[in-house]
Amino acid sequence: MTLFFAVLTPFMGAALVALASRFGRVHSAWAAGAVTLAAMVWLAPSLHLPFDGATLIQQHDWLPALGLNLAFRLDGLALLFAGLILGIGLLIVLYARYYLSERDSMGRFYSYLMLFMGSMLGIVLSENLIQLLIFWELTSLSSFLLISYWQHREEARHGARMALAVTGAGGFALLGGFLLLGHIVGSYELSVVLASGDLIRAHPLYLPTLLLVLLGVFTKSAQFPFHFWLPHAMAAPTPVSAYLHSATMVKAGVFLLARLFPALSGTPEWFWLVSSAGMATLLLGAYVALFKHDLKGLLAYSTLSHLGLITLLFGLSTPLAAVAGVFHIINHAIFKASLFMAAGIIDHETGTRDMRRLHGLWRFMPHTATLAMVAAAAMAGVPLMNGFLSKEMFFVEAMEISEGYIGGWLLPALATLAGALAVAYSLRFIHDVFFNGEPVDLPRTPHEPPRWMKVPVEILVVLCLVVGVAPALTVAPLLAVAAQSTLQTPLPDYHLALWHGVNPALFMSLIALVGGSLIYLVRRPLFAWHDRGLGRLDARVIFNGLQDGLFALSRLITRLVDTGSLQRQVFFLLATALLLGIAPWLAGGTPLTGNRSGLPLDAVSLTAAGALIVATLATVWLHRQRFTAIVTIGVVGLVVSLAFVKFSAPDLALTQLSVEIVTIVLLLLALYFLPQHVAPEREPARLWRDGVIALLAGGGTAALAWAVLTRPYETIAGYYLANSVPGGGGSNVVNVILVDFRGYDTLGEITVLALAGLGIVAMLQGLSLAAPNRDDGRRNWDADAHPVIMATLTRILLPLALLVAVFILLRGHNQPGGGFIAGLITAVALIVQYLANGAVWTHQRMASDSQPLIAWGLAIAVFTGLASWLFGYPFLTSTYGHLDWPIVGDFELASAMAFDLGVFLVVVGATLMILVNLGGVHHALPKHREKH
Amino acid sequence: MEILIALVIGVLTAGGVFLALRGQTFPVVLGLTLMSYAVNLFLFVMGRLAIGVPPVISAAAEGYTDPLPQALVLTAIVISFGMTAFVIVLALKARAELGNDHVDGHHHHEARHR
């Protein structure tokens, strides 16, 4: 479980951190640091395993039926990344505490940061591909929150949206790729996938799989042509950029390249796709970085370029190139994080990031300048720094791979060019900012930042140096295990050292250093040339164009599908349903009538059915005479209840009967408030059209019902009938199903009812309707609103009705009845009081607010379910026993009856709430409108 | 008997569909009510028709009809009530906000004259 808890800790920590911010700004920083440390502690006991050559895999059942398990994996690569995420994460926490200003909410920042950290940890520690994808998407979402942290800035919102759109689309492609991988291999477990490389590469679906996975990787790691989101994500606070663009977010893509290297690499498709995207990004990033005047912009494009380098290395597919790729992941994370932090310090202390104004800062902040210069040297690949080592490995590989190919010189040449550009932009970062004359019109007078703000930078810069000078003593073991688990084969022979003797790579490095310096010297004419040409290209314009086109398309589709008329939509819906229903019927040769013999007809049933049909037709025919229509529809409901009586469904009959009463009250209220006049249909054609649709629908359902009823069927009811008494302790099987076998469904249903009630109350808030003072026959209402006889009678009836309700509720488990029916009877009894005596009279004697009833009902139902947990049973397991009461005799008590009590309360509460609130709408009416 | 039930369900559906296609809210509410009768009856008879054999366990019973559709329909009846109420209040709200009782929010002939 340790890995699971390591991933879970930041997610739980996010809430903790947000909470901590209530006690003071700095508290959330402390909490975030503690959370990060806690995640490290969870990992600590397993840290030695990868170095012993073991891979730790921890599985927990999640959805075993789908073959989906929570599975975590700790091998060398995962260890390396977890170390980067948590280590650099901790430094970022410290740094951000000084970076954020008084106006920024610390709690929100650290909370998002923890969410992001947890998602990243989840990616690198996942053993299951689907689970990995979930964390992958979580990084997209949490990075959206981080990038848009300064929500009041337009460019922050825009940059975050762009990042989310691009990486989200990539995640979608990746899902497809993973599903294909799972389909090919037959498992989503990484151990299986990594061992099935040959199977995957030989499969006909290899190319689509590769393309989809690479789409995910390239969008996440901002590879050409999906690179454009990264520079716009620089609108984020600098600690976020330092974290997302050095050790985490964009590294997730190259992590996946490394992770799936044994499964997907080694084909020409892989080679060309991955290395050309990498090469394009490497050159493009290095080129544009030189021309950026914004400090963070320069770093953003340099990040692109280095990511391109890593991608290119994995694309080259040789084991040594992959080792170099892993090595450069480490080095880049270290120097780029420190550079972003240094840029943040400069921005923080001077108020600008514009390199046309930032000059000569050496005098003001020599300490920071030294740190930044060392880190920039590592970025340029100057000897003695860590960046030099991995770049040398790259040059060596470039030379070796190109040997013996026609045009093979191109790869080393381009590699050297990229190296030269890196030197040039690093030189610009150092020279322009810290030397090169006096600062131009800075918003603030610069000075050194707070002591602790520099500590994270110092730690990272020291690492750059230590790794650069003595790689074999420092990084070698970690690199070895990480590379080993990337390759999944024994490591190739390589030697980590500063001095490899005089070889072609050394010359390439020298050319790059000298060439880069030369490029920097002639930068002014280059800037002018760039501004006239390529500088005008803006990917954002293209992205916006595409986005606008997409929106326009979706609006067009919406316009096509949504006619803006509900009446027409209903028509289309019904017509489509009819088509779908009728088409297979016409095509198939199934006879309409089955071979099951039916029940004989009898006169009573014929009469009742005749009454129902006549009442239905009358409702349709007379629907414009609204009051008559309510009477006839009441007849329909009564006959339906009678049908339930006839066909052995006493519970349904009772329910239908009581619902009928409240429905009629409801319809009367609708009648009262809706316009008196129902206009005749203006278009006779529409009447004919609707008539045809109605006849077809009626004919179709009738035929369907007939076809089903004349065929035998197999029921699963046997189980319920057999287990109702011994298992549920009740002989009314319908009620036992509701409160016991399917109690969970019932809980859902009463929740829906409660929500409908609450929704209605919410809609009625502040609603006032002009109530008519005459009925639709132009007759005045009776002057006596509450006739004495009716009022008196209902008052006498109330206790009786309530007694009946209690009786029905109690016997419901064994005889027809139960919570639903008892609830409806109670509601009717109370509603009648409102009708006969008026709301004012009733509210003097009864609480007017029925929300507590609903709340209590739901609470009782849920707690009955929870109580079974106390006894070690699943949710809503019921139990029962017999009690010998004096006088009453043997009395059965089932825990399901408590649940039924909950149902009862919710039904009473919701029904009362709906009707009483609706009835009360006209009281809100202003006086002058009532006279009108 | 089966033909009778099928006929009843058909008539209820036809009436419900016709009224649901009207433009003003009150007939639509009536139509939805008729349709819920039809749907509930249809669901109920999926357990087939049986007379005098309610699913209440007792020593004297000759047999039991299928309790499962009954349990389904029982809650469906209550939920349809909740839905009808919701639709009616929606109609009232629309009338208060938009000043008319057409399901589209405006009468088409009015829109034409405007």
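To find a chain, count down the sequence lines: A is the first, B the second, and so on, and within it residues start at 1.
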**Report entry** Any donor-acceptor N/O pair, Thr13(B) side chain to Gly698(A) backbone, under 3.5 Å
**Finding:**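 Here the side-chain-to-backbone pair does not exist.
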Requested in this report: Keeping the roles fixed (side chain from Gln567(A), backbone from Leu21(B)), state whether a donor-acceptor pair exists under 3.5 Å.
Outcome: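 Present.
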Query - Quiz item: cation-pi between Arg95(B) and Phe673(A), 6.0 Å / 45° - result: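 No cation-pi geometry.
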Measuring heavy-atom distances to chain B, does [X] have an atom under 4.5 Å in its side chain, in its backbone, in both, or in neither?
X         : result
Ile633(A) : both
Leu669(A) : neither
Leu666(A) : both
Val708(A) : both
Leu687(A) : both
Val570(A) : both

Can you find a pair of side-chain heavy atoms, one from [X] and one from [Y], that are under 4.5 Å apart?
X         : Y         : value
Met1(B)   : Asp602(A) : yes
Leu4(B)   : Leu601(A) : yes
Met763(A) : Phe86(B)  : yes

Requested in this report: Under 4.5 Å heavy-atom distance to chain A, tell me which part of Phe44(B) shows up: side chain, backbone, both or neither.
Outcome: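 Looking at Phe44(B), just its side chain touches chain A.
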Query raised in the report: What part of Met46(B) gets closer than 4.5 Å to chain A, counting heavy atoms only: side chain, backbone, both or neither?
Result: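 Both parts, backbone and side chain.
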Query - side-chain hydrogen bond (donor to acceptor under 3.5 Å, both in side chains) evaluation trace for Asp66(B) with Tyr720(A) - result: CA-CA 9 Å; Asp66(B) 195 337; Tyr720(A) 297 114; over 6 Å; no
Query raised in the report: Checking side-chain contact (heavy atoms from CB on, under 4.5 Å) against Phe647(A), which of Thr65(B), Leu41(B), Ile5(B), Val45(B) comes through?
Result: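 Exactly one candidate clears the test, Ile5(B).
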Query raised in the report: Can you tell which of Gln815(A), Glu660(A), Gln569(A), Arg742(A) has the highest number of heavy-atom pairs within less than 4.5 Å of chain B?
Result: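 Top count of heavy-atom pairs under 4.5 Å with chain B: Glu660(A).
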